[in-house]
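Below is one structure; the comments refer to it alone.
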Amino acid sequence: MKKLLEVKDLTVAFPTENGEKNAVSHISFDLNEKDFVGLVGESGSGKTVATQTILGIESSEALVKSGSCKLNGIEVLGLSDKEWSKYRARNIATVFQEPASALNPLIKVGKQIEEVLKIHYDFSREKREEIVLETMRKCGLKDVEKLYKKYPHELSGGMQQRIVIAMSLVANPNVLIADEPTTALDAKVQAQIIDLFKDISRIYKGAIVFISHDLNLIETISKKVMIMYAGRIVERGFTKEVISDPLHPYTKALLKAVPNYKKRGEALYNIRGHVKALKNRSNDGCPFYDRCDYAMDICKKVYPKDYNKDGHLVNCHLYGE
């Protein structure tokens, strides 16, 4: 299986009134062809900071303290915008949360999708249009010849999101990162976009990272999952195994908090406390320490090593040495 993306020991900090604090701490993972990986965690877990850094679109205040990010074996961490332009959209692409803000209101949607091909390929205008129309069809859009000539404001939110997905897929990138792409949509359209990603995963040879805070959704859509908390990936493995046999106390708490019709009449479970604001975090120890029912003194001081249970990895002092 070809390795498409290798992230090793990535740490990203931000200056705060209490000094530099890690928003992402020493995360490592690989993506292979046909991988579909869910990245799950509460708001403030570092999911977006991590993926923006991998995409080379991190905030100007972000400080990359350590790490390596190789795309098809090429180190891309620290590239200039000009250097990144060779890889973004063609080798790695993203689908943003808000489709309306991702589209230029003054340009017809077909031309916006076509622009990706103009930048990266020496195709004729006819060939570009042919590829764009076919990509739009694959994204579940109909009457694509008419739709090609419409402006974003003439489309519904669901159609706008499909256009954004088409923009991300048209150059057939190796890696696609979808940053909570259903958040701004109503429930019916959310279900349609989720079904679209299931279809894409069957025909797409690249790897997909699907960011979400919803474990129910990730269970239905992804093959693998990474659980992230306060800048750390605390558990990862095949989705079915992680959900059927969660190891980290945070994963267990997330699953306990998922609404279930079998628990009708019972009060919804809430994880006590909250993700600390970045300025109040420690760069040492386990970040879940103050919310964990199993916390020990060592948890506050030392971050636990990997514990491997047949490929199901967890970082917790309850396991291993």
Residues that [X] engages under ring pair (Phe, Tyr, Trp, His ring centres under 6.0 Å), provided they are two or more places apart:
{"X": "Tyr148", "result": "none"}
{"X": "Phe14", "result": "none"}
{"X": "Tyr151", "result": "none"}

Sequence neighbours excluded, which residues qualify as side chain to side chain donor-acceptor pair (under 3.5 Å) partners of [X]?
{"X": "Glu241", "result": "none"}
{"X": "Lys309", "result": "Asp245"}
{"X": "Gln192", "result": "none"}
{"X": "Ser68", "result": "Glu75"}

Please name all residues satisfying side-chain contact (heavy atoms from CB on, under 4.5 Å) with Thr251, sequence neighbours left out, ordered by chain then number.
->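 Result, side-chain contact (heavy atoms from CB on, under 4.5 Å) vs Thr251: Ile227, Glu235, Val242, Pro246, His248, Leu255.
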Test salt bridge (charged side-chain N to carboxylate O under 4.0 Å, His left out) applied to [X] - qualifying residues, sequence neighbours left out:
{"X": "Arg88", "answer": "none"}
{"X": "Arg90", "answer": "none"}
{"X": "Lys8", "answer": "Asp30"}

Parallel, tilted or perpendicular: which describes the rings of Trp84 and Tyr87, with under 30° parallel and over 60° perpendicular?
->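 Perpendicular.
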Which pairs would a plain distance check flag for residues 171-181, meaning a side-chain donor or acceptor within less than 3.5 Å of a matching protein atom at least two apart in sequence or in another chain?
| residue | atom | partner | partner atom | Å |
| --- | --- | --- | --- | --- |
| Asn174 | OD1 | Asn72 | ND2 | 2.7 |
| Asn174 | OD1 | Asn91 | ND2 | 3.1 |
| Asp179 | OD2 | Thr48 | OG1 | 3.3 |
| Glu180 | OE1 | Thr183 | OG1 | 3.4 |
| Glu180 | OE1 | His213 | ND1 | 2.9 |

